[in-house]
Amino acid sequence: MEKIKMTTPLVEMDGDEMTRILWKMIKDELILPFVDLKTEYYDLGLPNRDKTSDQVTVDAANATKKYGVAVKCATITPNAQRMTEYNLKEMYKSPNGTIRSMLDGTVFRTPITIPSIHPAVKFWKKPITIARHAYGDVYKSVDIVVDEPGTAKLVFEGESGKTQEAIIHNFKGAGVLQGMHNTDKSIRSFAHSCFQYALALKQSIWFATKDTIAKKYDGRFRAIFDEVFQEYKDRFAEVGIEYFYTLIDDAVARVMRSEGGFIWACKNYDGDVMSDMVSTAFGSLAMMTSVLVSPDGNYEYEAAHGTVTRHYYKYLKGEETSTNPIATIFAWSGAFRKRGEKDNLPELVAYADKLEAACLDTLNEGYATKDLVNLMEGITPKMLTSAQFLAEIRKHLEKSL
Ligand code: NAP
Ligand code: MG
């Protein structure tokens, strides 16, 4: 069989630990035999980040801006323990944080669903994608504990000399205070990323805040979304999708009663909380995909889970592991599909579809990794090691190609 051709390279970001092992296995078994793979390779594994003083992460983000599509392996975010383990020069920032701030993007998380794993919410038939605004609010707030009566004020001193002031509270005794912010620029980027991704997925988008209470703060989010939507309105109508705004508590109630199949855009805190609820209710972290979409239309695909350290230590001891590669495979297929769409390569898009179908067929026949075995219902699962599971997927893929 002739290998499927690519024209523009994918930006490939390698990573750490068990997912780095899976990364190579996936390439060897499921990609290199079938695709004439073109990538620009960046090694974001912790040893190379340390060697390059994290310049490699910056280079990879710049390459993503240049080429438009990247695929990333999970990476370690160093903490004190990792400093010793890897003998690091410094405690580098999270690569995802660096890439996200350089691309100014929004992260969309979607569960991969199969019939034998039932969502905890019985109404859910289709995946729900969470889009979390990743800047500001309580995550960039300052707070104060007060221990006596007094007046708390919110003061803004403009560069023009104009000031604005509001009384927060006249304390009669001890209490707590918090100041937080967001910027029009960040909210506008978030809105663009959401509407672009809705068009790409051909799914409606919901957005919710509490603008009845936070009239100015959340009101600003709502107003910017409404304003940005005017640019997308006609394209939404053409595709037959809608932008739906409601209050956050109403959104939660509607999500629970919905069939799924839409994107739920959330403010930073709501997204933090709701993405864990949605991913757990759908099944497993190992079945959750993630894509960073920048407002100017660059895409970086990855799995939502981390480097699966516990499994890696077993692997180092020579033990076989049953680590689930599905979300990492879907990161690759997502990147191939987007590359194929951008470069007008229908064969590459078809390969991405067939690779995903091969994964789902394998799971639907009951072949699974350990994490899924206990979740599957109405089927007798056969537990495989990662290597056996990938070999099984390859058989399906070979048949369909
Ligand atoms: P994790 O790697 O997601 O793993 C947590 C646990 O979830 C695992 O021990 C495993 O449970 C289960 N799990 C996750 N993915 C799985 C898979 N593909 N197959 C089977 N089981 C899976 O999270 P973590 O242990 O908190 O973090 C490990 C490292 O990853 C950290 O250094 C962190 O900085 C990094 N991290 C990176 C990213 C990223 O790059 N996007 C995201 C999160 C964390 P059992 O052990 O019970 O089998
Ligand atoms: Mg969280």
Side-chain angles (χ1 to χ4, degrees), residues 12-23 25-26 42-50 54 56-57 60-61 70-86 88 91-101 103 105 107-112 117 130 132 134 272 275-276 279-280 282-292 300-317 319-332 334 359 363 367-376 381 383-390 393:
E12 174 184 356
M13 306 183 199
D14 208 342
D16 289 298
E17 300 194 312
M18 202 59 218
T19 40
R20 188 181 180 95
I21 307 297
L22 289 177
W23 195 258
M25 291 166 75
I26 291 167
Y42 293 87
D43 183 1
L44 265 57
L46 192 48
N48 193 47
R49 272 183 279 150
D50 192 43
D54 211 20
V56 66
T57 307
V71 56
K72 181 181 169 293
C73 179
T75 46
I76 292 170
T77 298
N79 54 17
Q81 182 243 320
R82 298 293 199 171
M83 294 282 290
T84 333
E85 185 183 353
Y86 283 83
L88 301 178
M91 204 186 288
Y92 301 100
K93 282 189 287 186
S94 142
N96 289 52
T98 303
I99 297 164
R100 194 152 59 210
S101 68
L103 294 183
V107 175
F108 296 84
R109 291 195 158 182
T110 311
I112 299 155
I117 300 182
I130 296 266
R132 173 183 171 189
D272 186 353
S275 69
D276 280 15
S279 65
T280 308
F282 270 107
S284 161
L285 194 58
M287 296 285 276
M288 187 65 94
T289 62
S290 183
V291 54
L292 174 70
E300 183 246 308
Y301 293 85
E302 63 177 321
H305 60 76
T307 58
V308 211
T309 311
R310 226 174 54 84
H311 295 209
Y312 181 58
Y313 292 155
K314 278 194 182 170
Y315 168 86
L316 288 180
K317 282 193 259 167
E319 291 172 37
E320 282 286 351
T321 71
S322 181
T323 317
N324 189 339
I326 292 285
T328 307
I329 298 172
F330 273 62
W332 277 100
C359 292
L363 288 168
Y367 297 106
T369 45
K370 194 176 171 195
D371 55 305
L372 298 183
V373 163
N374 292 330
L375 298 173
M376 287 178 150
M383 192 180 103
L384 302 180
T385 63
S386 303
Q388 292 167 335
F389 186 58
L390 287 169
I393 296 172

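Every number for a ligand or one of its atoms is a count from 1 in the order of the listing.
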**Student:** Do other residues, nucleotides or ligands put more than 12 heavy atoms under 6.0 Å from the CD atom of Glu85?
**Tutor:**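 Count over threshold, so yes.
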
**Student:** Under the side-chain hydrogen bond (donor to acceptor under 3.5 Å, both in side chains) test against Tyr92, which residue among Thr75, Asp50, Thr77 passes?
**Tutor:**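 Among Thr75, Asp50, Thr77, the one meeting side-chain hydrogen bond (donor to acceptor under 3.5 Å, both in side chains) with Tyr92 is Asp50.
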
**Student:** For atom 30 (O) of ligand 1, grab the closest protein heavy atom and report residue, atom and distance to one decimal in Å.
**Tutor:** Thr307 N, 3.0 Å

**Student:** Using a strict cut-off of 4.0 Å, indicate which atoms of ligand 1 neighbour a heavy atom of Lys72.
**Tutor:**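 Per the distance check, 40 (O).
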
**Student:** Compare every heavy atom of Cys359 with every heavy atom of Ile326, then report the nearest pair and how far apart it is.
**Tutor:**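 Looking at all heavy atoms of both residues, the closest pair is CD1-CB, 3.6 Å.
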
**Student:** To check your reading of the model: name the closest protein heavy atom to atom 38 (C) of ligand 1, its residue, and the distance in Å.
**Tutor:** Gly306 CA, 3.7 Å

**Student:** Are there protein heavy-atom neighbours of atom 5 (C) of ligand 1 below 4.0 Å?
**Tutor:** no

**Student:** Under 3.5 Å, side chain of Asn48 to main-chain N/O of Asp43, donor-acceptor pair present?
**Tutor:**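 Yes; judged by distance alone, with no hydrogens or angles, the pair exists.
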
**Student:** For atom 47 (O) of ligand 1, what is the closest protein heavy atom, and at what distance to 0.1 Å?
**Tutor:** Arg310 NH2, 3.6 Å

**Student:** Which of the listed options, Leu22, Leu285, Asn324, holds the heavy atom that is closest to atom 18 (N) of ligand 1?
**Tutor:**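 The option holding the nearest heavy atom is Asn324.
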
**Student:** Nearest protein heavy atom to atom 33 (C) of ligand 1, by residue and atom, and its distance?
**Tutor:** Thr77 N, 4.1 Å

**Student:** How close do Cys73 and Arg20 get, counting heavy atoms only, and between which atoms?
**Tutor:**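 In terms of heavy atoms, the two residues are closest at SG-N, 3.7 Å.
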
**Student:** From the options Thr321, Val308, Ile99, select the one whose nearest heavy atom is closest to atom 22 (C) of ligand 1.
**Tutor:**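 It is Val308 whose heavy atom sits nearest to atom 22 (C) of ligand 1.
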
**Student:** Do you know the tightest heavy-atom contact between Val308 and Met18?
**Tutor:** O-CB, 3.6 Å

**Student:** Could you tell me whether atom 44 (C) of ligand 1 has at least one protein heavy atom nearer than 4.0 Å?
**Tutor:**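 Yes.
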
**Student:** Which bit of Asn96 gets closer than 4.0 Å to ligand 1, counting heavy atoms only: side chain, backbone, both or neither?
**Tutor:** side chain

**Student:** Below 4.0 angstrom from a heavy atom of Ala74, which ligand 1 atoms are there? Numbered from 1 as shown, please.
**Tutor:** 40 (O)

**Student:** Could you tell me which non-hydrogen atom of Val71 sits nearest to which non-hydrogen atom of Trp23, and how far apart they are?
**Tutor:**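 Result for this residue pair: CG2-CH2, 3.6 Å.
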
**Student:** Have a look at ligand 1 and work out which part of Glu17, if any, has a heavy atom under 4.0 Å from it: side chain, backbone, both or neither.
**Tutor:**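 For Glu17, no heavy atom sits under 4.0 Å from ligand 1.
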
**Student:** Would you say OH of Tyr315 has more than 12 non-hydrogen atoms from neighbouring residues, nucleotides or ligands within 6.0 angstrom?
**Tutor:** no

**Student:** For Thr369 and Asp371, which I'm curious about, is there any donor-acceptor pair between the side chains at under 3.5 Å?
**Tutor:** yes

**Student:** Please tell me if atom 35 (C) of ligand 1 is touched by the protein, where touching means a protein heavy-atom distance below 4.0 Å.
**Tutor:**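 It does: a protein heavy atom is found less than 4.0 Å away from atom 35 (C) of ligand 1.
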
**Student:** Atom 24 (P) of ligand 1: protein heavy atom closer than 4.0 Å?
**Tutor:**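 When distances to the protein are checked, atom 24 (P) of ligand 1 has no heavy atom within 4.0 Å.
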
**Student:** So which heavy atom in the protein is nearest atom 41 (N) of ligand 1, and how far is it from that ligand atom?
**Tutor:** Glu302 OE1, 3.3 Å

**Student:** Give the single entry among Lys314, Lys370, His311, Arg82 that approaches atom 48 (O) of ligand 1 most closely by any heavy atom.
**Tutor:** His311

**Student:** Distance to 0.1 Å, residue and atom name: give those for the protein heavy atom nearest to atom 37 (C) of ligand 1.
**Tutor:** Thr75 O, 3.0 Å

**Student:** Between Thr110 and Thr289, is there a donor-acceptor pair closer than 3.5 Å when you use the side chain of the first and the backbone of the second?
**Tutor:** no

**Student:** What atoms of ligand 1 come within less than 4.0 Å of a heavy atom belonging to Thr323?
**Tutor:**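 Numbered from 1, ligand 1 contributes 17 (C), 18 (N), 19 (N).
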
**Student:** Set out, in order, the CA-CA distance, both residues' side-chain angles and the distance that settles side chain to side chain contact (heavy atoms under 4.5 Å, CB included) for Glu17 and Leu46, then state yes or no.
**Tutor:** CA-CA 9 Å; Glu17 300 194 312; Leu46 192 48; over 6 Å; no

**Student:** Testing the 3.5 Å rule here: is there a donor-acceptor pair between the side chains of Thr98 and Arg49?
**Tutor:** no

**Student:** Which residue and atom name correspond to the protein heavy atom nearest atom 27 (O) of ligand 1, and how close is it?
**Tutor:** Thr309 OG1, 4.5 Å

**Student:** Name the closest protein heavy atom to atom 17 (C) of ligand 1, giving the residue it belongs to and the distance to 0.1 Å.
**Tutor:**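 Atom 17 (C) of ligand 1 sits closest to the protein heavy atom Ala286 CB, 3.4 Å.
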
